[in-house]
Amino acid sequence: MCTTVSKKKPAPHFIRNMITADVNAGKNQGQVVTRFPPEPNGYLHIGHAKSICLNFQIAGEFDGRCHLRFDDTNPEKEDTEYTDSIQEDVRWLGFDWGEHLHHAADYFDTLYNYACQLIKDSKAYICELTPEQMREYRGTLKAPGKNSPYRERPIEDSLDIFTRMKAGEFEDGTYVLRAKIDMSSPNINMRDPIIYRIRHAEHHRTGNDWCIYPTYDYTHCISDALEGITHSLCTLEFEDHRPLYDWVLNNIDIDCHPQQIEFSRLALNFTVTSKRKLNQLVQEDFVDSWNDPRMPTVSGMRRRGYPATAIRDFCNRIGITKKYNNISLGLLETCVREAIDPEARRVMAVLKPLKVVITNYPEGESEQLDCPYHPDKDIDLGSRSVPFGRELYIEQDDFMENAPSKFFRLSEGREVRLRYAYYITCNEVIKNDAGEVIELRCTYDPETKGGWAKDGRKVKGTLHWVSAADALDVEVRVYDRLFKVPHPDADKEVSFLEHLNPDSLQICDNAKLEPSLASAKIDERYQFERLGYFCLDTDSSTDKPVFNRTVSLRDSWAKIEKELG
RNA sequence: UGGGGUAUAGCCAAGCGGUAAGGCAGCGGGUUUUGAUCUCGCCAUGCGCAGGUUCGAAUCCUGCUACCCCAGCCA
């Protein structure tokens, strides 16, 4: 079932416990069948990933199966653009629905027939109250509703109108089919809910075959039952709908009755996980697209360089409960770092170059240094050769005038190591007319080749560098969190857009890379030493490669720097 | 007394009458040619609050409090 998922036994949670108990008790002949039921009206995000992992993994654990079913009962919002992206994303996350790709739309005939039977059984009726009247009759949260004047419409009349609704005789909104339950129920969902409405709209799958469409509450439970789902897992807001889910299945002739179990949806701080809000970010150009690397969408995370293994690990680490949670973005980033670290080749790249001239290095000469791709002796990723010459680039941040003692990097008169190369000492600082440091004059110690001093003297700092003559010119996009505050949508008075982080994308268009990166490929992940993990972006062209920063390295210097003020 | 839910550390989360797992974050030490990684140690006399039952309560009982969801012909 879940081919790329490890068999490592996951931590117990209440749903796994319930299902285990059902299996042990022989319920459903010991079968476990789940489903992931997205509405194809947007792209999948990290919250969906939680549900996907839960459903596919739990089915896999019990040798069951998990269906992918599109809950496509609202033609006006749905599109094949979304059914395509959803399938791609679920597959990329590492899951396989096998033969079980389903659409609620494929059940429209069956659903219609069941509705006719409900009418014949006097359990549903055609109502012609306007939406405004409907609201009045529904009552309020604290006051009961009252019966529709059409509630006792003769069965034959309802059947006749329903048939003509289907035939397209009426305008949108003129009639609806309602389940006859209880207008005084304290649960508003049970106050004669609408189960069919007229929509003269083209459906992405059934075209113009239908002009009446069933509602979610009526469709979902029957779709589950038709597919033999045993456990229907959904989020907390559907808890109030469970009595209706059960009512429908108890009042039609069907021999399967899945159990709906609710769990809390994922909330991730510094981000929003609402399709509506994500859609707004795209439509109003606050981000480039659904797969903008700053988006918490599956496609955005994929482009950013997050491995699927990291997302699965994250989903397993956050747990499944009914508690309202707020997961820290830091945990996701930790999962990403842990997944990438052992497999990422280390290379050197300078994002904001500062020129360094080694004054005692012979002009016109250069040499090749052999540098391992991974520092851990237990991880053999091979090595590459890196050119070294008289002119180099180092990171602007690695030089400071009047540096405090805790600053271990380069400053005038100080000696540092260039990784895998030599010790250098800064002798002279050259500035432009604006007083900005534009070049450093340094000397190197030829006796420290490889980065070791024979006399045993130590340096505190090791810097990454790139040979100027051999550097690749590239664009690097450094991403940061999309929002400035932990809870961008907490305040209903203030738009979440007010909290967008203006620095969520920083473009380094003059970055310098060591030449080995010329053969970089999409889907490969690299660590730019001391900077973070990066990957080639799909915007790259042969003459202008573009790299994304997937995630930074943990940075304890940043913390010290902050404390120093 | 509308209905339905949820409360265990800064953030997650186990626990199901026998004396508070684990992860993230944080703090301190060690290793280190990435201020990375790795590694060792510390981190709830306390489980929303108040009573009660019990030899023993996060777990059982009673009463409170706080927060979330529901009045779409959305899902």
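Remember, predicted model here, so these are calculated numbers, not experimental data. Chain letters run A, B, ... following the sequence lines, proteins first and then strands; every chain starts at 1.
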Test of understanding: with salt bridge (Lys or Arg N to Asp or Glu O under 4.0 Å), list the residues that count as partners of A:Asp370, not counting sequence neighbours.
none
Sequence-distant partners of A:Lys512, salt bridge (Lys or Arg N to Asp or Glu O under 4.0 Å), two or more places apart
A:Asp473
Pairing of RNA chain B as dot-bracket, 5' to 3': ( ) intra-strand, [ ] crossing, | other strand, . unpaired, with Watson-Crick or G-U pairs under 3.5 Å?
.(((((((.[[[..)..(...]]].(((((.......))))).....[[[[[..)....]]]]])))))).....
Check: protein-nucleotides 27-30 of chain B nitrogen or oxygen pairs below 3.5 Å:
residue: B:C27; atom: OP2; partner: A:Lys559; partner atom: NZ; Å: 3.4

Restricting to side chain to side chain contact (heavy atoms under 4.5 Å, CB included), what partner residues turn up for A:Glu237, sequence neighbours left out?
A:Thr235, A:Arg265
By side chain to side chain contact (heavy atoms under 4.5 Å, CB included), which residues pair with A:Pro131, not counting sequence neighbours?
none
Just grab all the side chain to side chain donor-acceptor pair (under 3.5 Å) pairs involving residues 317-332 of chain A, residues at least two apart or on different chains.
A:Glu239-A:Lys322, A:Ser264-A:Asn325, A:Asp313-A:Arg317, A:Arg317-A:Glu338, A:Asn326-A:His487
For the side chain of A:Asn326, starting at C-beta, report the closest nucleotide among B:A36, B:G35, B:C11.
B:C11
What is the per-nucleotide protein-contact pattern of nucleotides 69-75 of chain B, from the 5' end, where B denotes a base atom under 4.0 Å from a protein heavy atom, S denotes such proximity for sugar-phosphate atoms only, and - denotes neither?
BBBSBSB
Applying salt bridge (Lys or Arg N to Asp or Glu O under 4.0 Å), can you list everything that pairs with A:Lys454, at least two apart in sequence or on another chain?
A:Glu447
Salt bridge (Lys or Arg N to Asp or Glu O under 4.0 Å) contacts in which one or both residues fall within residues 139-151 of chain A, not counting sequence neighbours:
A:Arg151-A:Asp192
Proximity to RNA chain B (any heavy atom under 4.0 Å), residues of residues 341-348 of chain A only:
A:Asp341, A:Arg346
Please identify each residue that fulfils salt bridge (Lys or Arg N to Asp or Glu O under 4.0 Å) with A:Arg153, with sequence neighbours left out.
A:Glu128
Length of the line joining A:Phe270:CZ and B:C11:P, which is rounded to integer Å:
13 Å
If only side-chain N and O atoms of A:Thr321 are considered, is one of them under 4.0 Å from the OP1 or OP2 phosphate oxygen of B:U6?
no
